[in-house]
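Following: one structure in structure tokens, then a few remarks.
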Amino acid sequence: RFLDRYYRLAVKCIEDTNGVVEKYIGDAVVAAFGAPFDPYSSKKQLSSVIDAAGAIADLVMNEFQGEVTAKSAITCGTCFFGYAGPRTHRELTIIGSPLTELFRLEGECPPQSVIIPSCWFDQTRATWDIRDYATWHNLGIKPSWDIGTGTLNLRGVMGETPITILKRNNYNGP
């Protein structure tokens with residue numbers, strides 16, 4: 001029942017963003033966005049995916065009252081999407097280096113956060129009202145998400161990858 005509640009929240013956010021759930025792996029949901037699922041893949045689509053990832057984190061926090069958290073990894077690239085395997089066991093799957101990068105990014109993502117390669121995040125920055133902390137403080141606003149950056153060596157995937165982490169500010173976990 002727990003996983004069904006979680007999947008319901010995540011799948012709704014994914015489908016509302018024109019994504020397709022590819023599979024569940026334990027408590028992880030793997031989804032694909034853009035072509036061929038959406039013929040208009042763009043910066044707008046990418047920013048919608050980042051928004052959906054943040055929405056999933058917020059919905060999970062609220063639905064489970066802080067007992068569990070969600071985290072999301074996002075990356076872009078061309079992948080094979082189709083049936084693979086012998087005739088006795090064909091399975092719909094995604095194959096490609098972006099998927100490998102996705103799993104490695106997810107492993108580095110802190111709880112209640114969204115992690116994305118900076119090269120993709122930078123293309124969408126103008127979509128959000130991003131201001132430095134002093135500006136928010138002077139306006140009397142406490143932003144709900146914080147943006148951090150760093151560099152990861154993803155064990156052979158694209159070498160050292162600059163990353164952006166959007167972290168929920170009111171998360172008080174480990």
Side-chain angles (χ1 to χ4, degrees), residues 3-4 6-60 69-128 145 147-168:
L3 284 175
D4 285 342
Y6 164 68
Y7 291 150
R8 217 173 2 264
L9 295 171
V11 169
K12 179 166 178 16
C13 287
I14 291 164
E15 290 177 346
D16 287 351
T17 315
N18 298 320
V20 174
V21 173
E22 193 266 332
K23 70 174 66 171
Y24 303 116
I25 303 174
D27 63 353
V29 179
V30 179
F33 299 85
F37 312 108
D38 179 353
Y40 304 104
S41 298
S42 64
K43 292 178 186 179
K44 183 178 178 187
Q45 176 70 38
L46 180 56
S47 67
S48 293
V49 172
I50 296 170
D51 285 341
I56 290 170
D58 288 342
L59 287 169
V60 167
T69 60
K71 61 183 180 176
S72 295
I74 299 169
T75 194
C76 299
T78 302
C79 294
F80 165 81
F81 181 73
Y83 289 94
R87 282 190 225 205
T88 55
H89 185 83
R90 307 251 334 137
E91 191 172 291
L92 187 62
T93 191
I94 298 175
I95 301 171
S97 58
L99 193 65
T100 303
E101 182 178 308
L102 180 74
F103 287 119
R104 292 187 177 158
L105 281 169
E106 187 275 334
E108 299 292 331
C109 188
Q112 208 54 20
S113 300
V114 178
I115 190 169
I116 184 170
S118 295
C119 60
W120 298 114
F121 179 73
D122 290 343
Q123 291 188 30
T124 64
R125 283 184 83 91
T127 307
W128 296 286
W145 289 85
I147 300 172
T149 58
T151 300
L152 297 175
N153 185 340
L154 297 177
R155 298 178 293 274
V157 177
M158 294 177 60
E160 289 190 11
T161 305
I163 54 97
T164 298
I165 299 175
L166 301 135
K167 187 169 177 64
R168 194 78 167 97

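Nothing fancy with the numbering, it's 1 onward along the sequence.
Scanning all heavy atoms of the two residues, the minimum distance from Leu9 to Leu59 falls at CD1-O, 3.9 Å. Residue Gln112 comes nearest to Thr69 through the heavy atom pair OE1-CB, 3.5 Å, listed as atom of the first residue, atom of the second, then distance. Across every non-hydrogen atom of Tyr24 and Val11, the tightest pair is OH-CG2, 3.4 Å. Between Ser113 and Pro110, the shortest heavy-atom distance links the atoms CB-O, 3.2 Å.
Judged by distance alone, the side chain of Thr17 and the main-chain N or O of Cys13 form a donor-acceptor pair under 3.5 Å. Counting only distance, with no hydrogens or angles, the side chain of Glu91 and the backbone of Tyr83 share no donor-acceptor pair below 3.5 Å. The main-chain N or O of Glu106 is found under 3.5 Å from a side-chain atom of Lys71 such that the two form a donor-acceptor pair. Looking only at distances, no side-chain donor or acceptor of Thr100 sits under 3.5 Å from a matching main-chain atom of Pro98.
Between Ile74 and Ile50 there is a side-chain heavy-atom pair separated by less than 4.5 Å. Under the 4.5 Å side-chain criterion, counting only non-hydrogen atoms from C-beta, Pro117 is in contact with Leu105. Residues Val21 and Val30 fail the side-chain proximity criterion, which asks for heavy atoms closer than 4.5 Å. Side chains of Val20 and Ile14 form no contact here, defined as non-hydrogen atoms less than 4.5 Å apart. Counting heavy atoms from C-beta outward, Ile95 and Thr93 have side chains that approach closer than 4.5 Å. With a 4.5 Å cut-off on side-chain heavy atoms, Phe81 and Leu99 do not count as touching. For the pair Ile94 and Phe80, the minimum side-chain heavy-atom distance is 4.5 Å or more. Proximity of Phe33 to Asn18: side-chain heavy atoms (C-beta onward) are nowhere separated by under 4.5 Å.
Atom SG of residue Cys79 and atom CG of residue Leu102 lie 9.0 Å apart, to the nearest 0.5 angstrom. With rounding to the nearest 0.5 Å, the separation of SG in Cys76 from CZ in Phe121 is 13.0 Å. The structure places CZ of Phe103 at 4.0 Å from CD1 of Ile25, a figure rounded to the nearest 0.5 Å.
Every residue two or more places apart in sequence or in another chain was checked for a salt bridge (charged side-chain N to carboxylate O under 4.0 Å, His left out) with Glu15, and none qualifies. In this structure Asp27 satisfies the salt bridge (charged side-chain N to carboxylate O under 4.0 Å, His left out) test with no other residue, sequence neighbours excluded.
A salt bridge links Lys12 with Asp16; the closest basic N to acidic carboxylate O contact falls under 4.0 Å.
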